[in-house]
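Not measured: the values here are computed from a predicted model.
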Amino acid sequence: MIPAFQFSLGHQVLQGLVSVGRYDGKHPCLTAGTTAGKVLIHCPHNRGENSQNEVMFLNINRKITSVRAGALNPNLEHDVLMVGTQTSLMVYDVEENADLFFKEVHDGVNVIALGHVATSELPACVVGGNCSIQAFDYEGNELFWTVTGDNVSALAFCDVNDDGVAELICGTEDFEMRIFRHEDVLKEITETDVVISLEPLYKTRFAYALMHGTVGVYDRLTRAWRGKSKNRVNCIASFDLDNDGVPELIAGWENGKVEVRNEKSGEVIHKDYFQAPIAALVHADYRLDGRSTLMCLTTEGDVRGWLPSGTGGDGGPSVSAADLKDSDAYRDLLAKKQDLTLELASYQEQLKQFKQGGKDTAQGVIPTDTKLNISLKSNRGQGTVELHLQTSNYSVVRAVIIFAEHLFDGEACMLHPMPPSNNVIVQISPTKDVQTTLNIKAMAGLSASSVQYHVFEMNYTMPKFAMYHFTDVDKLPRKPEGVCVFFLSERPARIWSWFQTSFINMEGSLPAPRSPETGVLLDLAFISLRTGEPLCISMSAEQGGKITVRTDDIEVAGELIQDLCAFLQIQELEATANFPDEMEKFKSVLLKVDEYNAVRLRLTAEMADSSNLVKALIVKAEDYRMLSDMANLKKVCASLQQTNSDLIAEYSKRANNHQQLLAQLKEVNMMIQKAAKLRVGHAKTRVVAACRQAIKKNNIHELFQIIRTGHDSSGS
């Protein structure tokens with residue numbers, strides 16, 4: 001990769017706070033957040049007029065958390081600058097040196113995206129904060145609000161289902177990616193770490209980056225590929241560097257490496273290195289020659305730009321799409337040939353050893369009919385799930401390697417049974433309820449002294465609710481107080497099929513009802529291996545099929561309902577719920593929010609009074625200085641110092657209060673998310689919107705009613 005240009009901004013740049021905007025409608029300007037609450041704007045096209053105008057600074061005087069430039073106001077023919085802080089959003093017209101609007105955002109602004117939301121035809125500034133997503137138009141009016149499972153860490157727009165409308169993709173700190181179509185969640189994808197960046201690629205493909213160093217691509221909500229590194233990825237971008245009409249995935253790393261990967265296969269095409277960590281990757285026609293340039297910025301302020309190949313006037317032959325397709329096919333066939341050649345060489349070496357060694361060597365070869373049987377069993381005493389690997393004969397397993405997401409640190413587990421046995425048990429204790437595919441490689445031999453081994457490679461799916469031990473209803477220590485009731489016109493056999501898919505140890509046919517005269521068709525009980533809490537699920541014939549979920553954890557009830565509806569392909573579901581313990585905790589959270597808000601207002605008023613006192617003391621001090629009255633000047637300066645110390649102490653109190661308030665607001669948003677998950681479709685969206693209105697009105701009674709019934713007091 002040969003750069004087309006490189007220069008230095010001369011200032012340190014914060015990671016991820018970089019954008020490019022045409023603030024006069026013509027010239028692209030590099031915009032970056034720097035330390036001390038400033039935004040740097042690099043305008044190389046002003047160099048001819050005045051060299052001092054090449055770099056400008058905007059003083060935000062707050063910690064900057066997000067920077068984005070774009071055409072938010074359709075009435076303007078130029079871009080505006082959107083700056084997010086921990087408590088506010090500012091949209092600024094750089095050309096006119098004026099604010100479009102300033103908005104207090106109590107949930108904070110972690111990330112900003114620009115796109116179309118809900119039914120609005122106008123572009124919106126979409127803000128991800130503390131467990132919530134908000135969208136504003138160019139006048140600061142709220143267009144959209146919804147809740148997420150945790151703090152928002154990444155946002156992007158991409159048409160993932162090829163319907164012509166770009167969906168909003170949201171990455172959060174609970175390792176989830178949620179795809180929103182208007183206010184509905186199309187899909188929730190669980191990853192293995194915090195999603196720090198999202199980027200649309202080509203058509204239905206989008207790229208993602210995780211905090212622990214994973215970069216990958218999804219196509220139509222299915223993972224196409226991923227690659228993991230021991231280094232931390234800082235940013236990703238899409239850019240057509242080889243000029244073939246399809247953008248490549250560009251990744252910038254903590255160690256200063258820049259990678260260009262093929263967006264279909266993940267193959268690394270180019271690399272480059274910097275002396276400092278990569279802060280951001282952006283692209284724009286920065287030289288105003290009609291050619292877009294990929295630009296990389298480091299945290300030290302160094303900038304390097306690359307042009308697409310074939311556009312630098314080198315006269316190289318252009319490559320057609322058909323030739324590229326043939327080249328990809330040839331590369332795939334070449335890789336398959338190499339794998340088969342290695343496999344053949346291995347078999348030939350084994351045959352050679354077999355012929356040379358005679359009978360002694362044959363003793364190390366396992367029988368050809370040997371099978372590896374895999375099963376999952378719950379161990380209530382240990383509070384874990386046991387993966388049993390057993391050979392079908394006397395052959396022993398020497399070593400086992402398991403690759404699986406969400407289950408092990410580093411996503412892999414290696415086990416050496418001592419001594420080797422024909423039955424190996426692996427203890428598994430996942431922290432979250434996620435369906436996972438285990439890629440198992442087991443090395444089996446005839447005995448512990450075998451010199452030749454056969455490697456079994458198998459995939460095994462671990463059900464989502466494997467951490468729930470199936471037990472008899474009479475053996476439960478107590479009956480859960482929390483309950484959620486909903487109606488489904490489904491046959492009990494279909495519900496039983498879902499149990500067999502999502503739980504373990506559910507073999508056999510549909511159990512007969514205990515008391516048919518009561519109309520109960522299903523009555524199943526489980527105990528959580530994590531917490532020991534009971535879970536009961538029953539089905540009766542009332543109104544075609546009444547299902548009752550009893551648990552004291554509202555989050556577990558929501559996960560069960562969402563998984564059941566996905567299995568049965570149900571699009572709309574209403575539910576009523578009553579979770580006494582959860583509602584008591586929620587009530588205390590709301591009381592704390594009111595308390596912290598009251599303290600915040602009082603501290604703000606006190607700080608305003610102290611600020612006015614500081615201004616008065618400064619004026620007095622200046623007067624005494626001009627009058628050479630040193631005695632009174634010393635007194636005033638002493639008072640000024642004391643007032644300043646008081647201000648600093650008050651600020652520390654206010655900062656602590658703000659952090660505690662954010663933590664409680666996060667709990668409120670998470671509770672709304674949990675209540676919404678008890679419903680599906682329009683009912684789910686309605687609960688979020690109704691809870692938002694109840695919180696705005698500070699109507700706690702109505703908020704509780706919405707969580708219980710799914711409707712507000714008006715019945716809507």
Side-chain angles (χ1 to χ4, degrees), residues 16-17 60 62-68 82-91 101-115 117-118 124-137 140-156 168-174 176-178 180 183 185 194-196 198 586 589-601 604 654-677 685 687-698 700 703 706:
L17 305 186
I60 306 300
R62 298 186 184 191
K63 184 181 177 182
I64 301 169
T65 55
S66 187
V67 170
R68 182 65 192 263
M82 293 158 273
V83 180
T85 69
Q86 292 173 317
T87 57
S88 63
L89 170 68
M90 184 187 77
V91 178
F101 69 84
F102 179 88
K103 198 83 174 175
E104 288 287 344
V105 182
H106 297 298
D107 290 330
V109 180
N110 298 338
V111 62
I112 299 174
L114 192 65
V117 295
C125 173
V126 184
V127 170
N130 188 19
C131 288
S132 68
I133 301 173
Q134 291 175 267
F136 303 97
D137 64 11
N141 301 315
E142 187 179 287
L143 299 176
F144 173 81
W145 184 89
T146 192
V147 289
T148 59
D150 208 329
N151 294 335
V152 179
S153 53
L155 289 172
L168 174 63
I169 310 170
C170 168
T172 53
E173 291 182 1
D174 61 351
E176 297 277 344
M177 283 191 288
R178 294 174 176 84
F180 289 90
E183 296 176 338
V185 178
V194 177
V195 183
I196 61 169
L198 294 165
F586 188 45
V589 167
L590 292 172
L591 290 173
K592 285 181 181 177
V593 169
D594 289 340
E595 180 186 332
Y596 290 140
N597 264 325
V599 172
R600 182 175 65 89
L601 292 172
T604 303
R654 188 181 176 190
N656 291 333
N657 175 265
H658 177 70
Q659 291 302 320
Q660 291 168 338
L661 179 61
L662 275 184
Q664 299 306 317
L665 287 174
K666 179 179 178 179
E667 291 292 330
V668 172
N669 289 340
M670 288 180 72
M671 187 63 183
I672 296 173
Q673 169 83 352
K674 292 173 186 177
K677 275 198 165 186
T685 308
V687 165
V688 173
C691 286
R692 171 69 166 170
Q693 292 302 317
I695 289 172
K696 279 185 174 181
K697 296 174 186 174
N698 200 22
I700 307 303
L703 182 62
I706 294 163

> For the residue pair Phe180 and Phe144, does the interplanar ring angle fall in the parallel (under 30°), tilted (30 to 60°) or perpendicular (over 60°) class?
Replying inline: perpendicular
>> Measuring from atom CE of Met670 to atom CG of Leu665, what distance do you get when rounded to the nearest 0.5 angstrom?
In response: 13.0 Å
> Between Asp107 and Lys666, does at least one N-O distance fall below 4.0 Å, as a salt bridge requires?
Replying inline: no
>> For a 4.5 angstrom cut-off between non-hydrogen side-chain atoms, does Leu661 reach Val599?
In response: no
> With distance as the sole test, does Thr65 use its side chain to make a donor-acceptor pair with the main-chain N or O of Val109 at under 3.5 Å?
Replying inline: yes
> When rounded to the nearest 0.5 angstrom, what is the spacing between CZ in Phe586 and CE in Met671?
Replying inline: 6.0 Å
>> Nearest 0.5 angstrom please: Cys131 SG to Asp174 CG, how far?
In response: 8.0 Å
> For Lys103 and Phe136, which heavy atoms make the closest approach, and how far apart are they?
Replying inline: CE-CE2, 3.8 Å
> Rounded to the nearest 0.5 Å, what separation is found between the CG atom of Asp150 and the CD atom of Gln673?
Replying inline: 10.0 Å
>> Regarding Arg692 and Thr146, do their side chains bring together a donor and an acceptor under 3.5 Å, going by distance alone?
In response: no
> Can you name the closest pair of heavy atoms from Asp137 and Phe101 and give their distance?
Replying inline: O-CE2, 3.3 Å
>> Side chains of Thr148 and Arg178: any donor to acceptor distance under 3.5 Å?
In response: no
>> If I take atom CD from residue Gln86 and atom CZ from residue Arg62, how far apart are they, to the nearest 0.5 angstrom?
In response: 10.0 Å
> Only one of Asn110, Leu114, Val111, Ile112 clears side chain to side chain contact (heavy atoms under 4.5 Å, CB included) with Leu155; which?
Replying inline: Val111
>> Test your reading of the model: is there a side-chain donor-acceptor pair from Thr172 to the backbone of Val152, 3.5 Å cut-off?
In response: no
> Between Arg600 and Glu595, is there a salt bridge with N-O shorter than 4.0 Å?
Replying inline: no
>> Please report the interatomic distance CG(Asn669) to CG(Asn130), rounded to the nearest 0.5 Å.
In response: 6.5 Å
